[in-house]
2 protein chains.
Amino acid sequence: MFSIGQLSKRTGVKIPTIRYYEQMGLIDEPERSEGNQRRYTKDGLSRLSFIRHSRDLGFSVEDIRGLLDLSQHPEKPCSDAHSIAAQHLQDVQSRIAKLRRLERELKRITKCDAGNVAACAVIETLADHGLCETEH
Amino acid sequence: MFSIGQLSKRTGVKIPTIRYYEQMGLIDEPERSEGNQRRYTKDGLSRLSFIRHSRDLGFSVEDIRGLLDLSQHPEKPCSDAHSIAAQHLQDVQSRIAKLRRLERELKRITKCDAGNVAACAVIETLADHGLCETEH
DNA sequence: TATAATTCCTCTAGCCACTAGAGCTTCAAG
DNA sequence: CTTGAAGCTCTAGTGGCTAGAGGAATTATA
Ligand SMILES: [Zn+2]
Ligand SMILES: [Zn+2]
Ligand SMILES: [Zn+2]
Ligand SMILES: [Zn+2]
């Protein structure tokens, strides 16, 4: 049996975050000590590790809810898991694409030879999207 | 003089967002009609366009506050503007790097030949970071 | 000019995924 | 048995908006 602090140390999930996941229904309410403190089992530990890793990989809490549900049903086909992952991959890729467009513009902007604000390329570009090379 | 709706159409910033920017102190409180409705000048329009474009480029509201302040002082050196932009560029680049690591892992994960959850690579990987190739 | 349609007003609350803090209780070591 | 760490609940704040209620003002049409 682990206290919430031990669980936190082992998973790297902060204590208030563990309680938040409980409130969100991602983890079951654990047993309590006589004095009402949470006591977790190994199952609780591995479930939280799953959540932690999924968050690290950028899945939303909603996605994780679905993935956890699936993981409780080993006999089911895994196509649902794949579509959650594929959708997430797409999201990540479109975020990357957007950030790369930003990166390009920001790199261009920061090549400013002027010394004062009146002629600064940064300020000028922010004031006028027409000076940009791409859409965003 | 523009109404808030006209300003919104010209800049592409939604009406509640304009009011939000006013509340946050990014734009001055505009004059009002006899019936208390906001009336904007061309100056208000260009200030809001500046904000819009800066947001599109991913700058935070705090950054924009600084950039707007600078843009009101054309005689100042533009080094402050450059450091805001450079910092932002760094942020963008580290976000890209992080997302690319995610992308790689997600691509790997989604190569699953199993048909059911019990043997699914997606679920297995989420349960065990040891199966990952990179840190995240 | 009367009425109808549209726009605008303020205020509050919700989104996501946490994070911080107040004020109190329980636990574990010595 | 005392003390200090760790736990409890509850509320509120983060960023950058967005939605909705309930009412007032403006504009367009008849
Ligand atoms: Zn410059
Ligand atoms: Zn632009
Ligand atoms: Zn699979
Ligand atoms: Zn991993």
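Because the structure is a prediction, the values reported are computed rather than measured.
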### Query
If you pin B:G35 and B:F59 to their nearest nucleotides in DNA chain D, which one's is more 5'?
B:F59
#### Entry: Nucleotide D:dG13, atom C1' - distance to OH of A:Y20 in whole Å
14 Å
### Message
Rounding to an integer number of Å, can you tell me how far A:E34 CD sits from D:dG7 P?
### Response
18 Å
### Carboxylate-amine/guanidinium proximity below 4.0 Å for A:R65 and A:D69
no
All N/O contacts under 3.5 Å from nucleotides 5-8 of chain C to the protein, with atom names and distances to one decimal?
residue, atom, partner, partner atom, Å
C:dC8, OP1, B:S3, OG, 2.7
C:dC8, OP1, B:G5, N, 2.8

### Query
Is any side-chain nitrogen or oxygen of B:R32 closer than 4.0 Å to OP1 or OP2 of C:dT10?
yes
### Message
Check this for me, if you would: do A:R38 and A:E31 make a salt bridge, where the nitrogen-to-carboxylate-oxygen distance has to be below 4.0 angstrom?
### Response
no
### Task
Respond yes when some side-chain nitrogen or oxygen of B:S33 is under 4.0 Å from OP1 or OP2 of D:dA25, and no when none is.
no
### Task
Could you tell me whether A:Y21 contacts a base, only the sugar-phosphate backbone, or nothing, with contacts defined as non-hydrogen atoms closer than 4.0 Å?
sugar-phosphate
### Query
How many Å lie between CD1 on A:I27 and P on C:dC18, as a whole number?
12 Å
## Note on the structure
Between CG of A:D56 and P of C:dA17 the distance, given in whole Å, is 14 Å
### Query
Is it the case that one hydrophobic cluster holds both A:L131 and B:I51, taking links as side-chain heavy atoms less than 4.5 Å apart, direct or via other members?
no
### Query
In whole angstrom, what separates A:M1's CE from C:dC27's C1'?
16 Å
### Summary
Atom CE of B:M24 and atom P of D:dG15 are separated, to the nearest Å, by 9 Å
### Task
Might you point out which heavy atoms bring A:K76 and A:L70 nearest each other, and give the distance in Å?
CD-CD2, 4.3 Å
### Ionic contact status for B:R95 with B:D91, cut-off 4.0 Å
no
### Task
Quickly work out the B:Q23 CD to C:dC9 C1' distance and round it to whole Å.
13 Å
### Task
Calculate the interatomic distance between B:I18 atom CD1 and C:dC9 atom C1'; express it in whole Å.
14 Å
### Message
Tell me if the CD atom of A:E75 is crowded by more than 12 foreign heavy atoms within 6.0 Å.
### Response
yes
### Query
Without hydrogens or angle criteria, can the side chains of A:E105 and A:T134 be said to hold a donor-acceptor pair below 3.5 Å?
yes
#### Entry: OP1 or OP2 of D:dG15 under 4.0 Å from side-chain N/O of B:S60
no
